[in-house]
Amino acid sequence: MPDHVHFFISPLEREANLSKYIQAFRSLVTRQLRPLGYPYPLWQSEFFDHLLRSDESYEQKWHYVLNNPVRAGLVRRWEDWPYAGELHPLPL
């Protein structure tokens, strides 16, 4: 999506700090995009997170995310959106 990003993250450690992960991601992306002329700030100050509690919830949320560009009118089918996919499948 042009104005937001979705992550499905499975922490390696139970005590993982999501805020620090998001901060590191934002910093990395900002360092890459600033030289290309993207305005500062790139990010809103906060972020929204949602804990997935079951395989059913995971599948439901995954389909929601896949269909975001369709609902936004950017593509007709989610398969046509070039930025969707998994880097690493999450263990369920």
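Any value given below was found using the heavy atoms of this structure, including those in side chains, with hydrogens, waters and symmetry copies removed.
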Residue list, side chain to side chain contact (heavy atoms under 4.5 Å, CB included) with Leu51, at least two apart or on another chain: Arg53
Contacts of type side chain to side chain contact (heavy atoms under 4.5 Å, CB included), residue Arg76, not counting sequence neighbours: none
Name each donor-acceptor pair under 3.5 Å that joins a side chain in residues 18-31 to protein atoms two or more places apart or in another chain, with its distance.
unit_1 : atom_1 : unit_2 : atom_2 : d
Arg26  : NH1    : Gln44  : O      : 2.9
Arg26  : NH2    : Gln44  : O      : 3.4
Arg26  : NH2    : Glu46  : O      : 3.1
Ser27  : OG     : Arg31  : NH1    : 2.6
Thr30  : OG1    : Arg26  : O      : 2.8
Thr30  : OG1    : Trp43  : NE1    : 3.0

Under the ring pair (Phe, Tyr, Trp, His ring centres under 6.0 Å) test, residues paired with Trp62 that sit two or more places apart: Phe8
Trp81 and Tyr83 aromatic ring geometry - parallel, tilted or perpendicular at 30°/60° bounds: perpendicular
Validation row: Tyr38, Gln32 side chains within 4.5 angstrom (heavy atoms): no
Residues that Asp80 engages under side-chain hydrogen bond (donor to acceptor under 3.5 Å, both in side chains), provided they are two or more places apart: Arg77
Rounded distance (nearest 0.5 Å) linking atom CH2 of Trp78 with atom CZ of Arg71: 13.5 Å
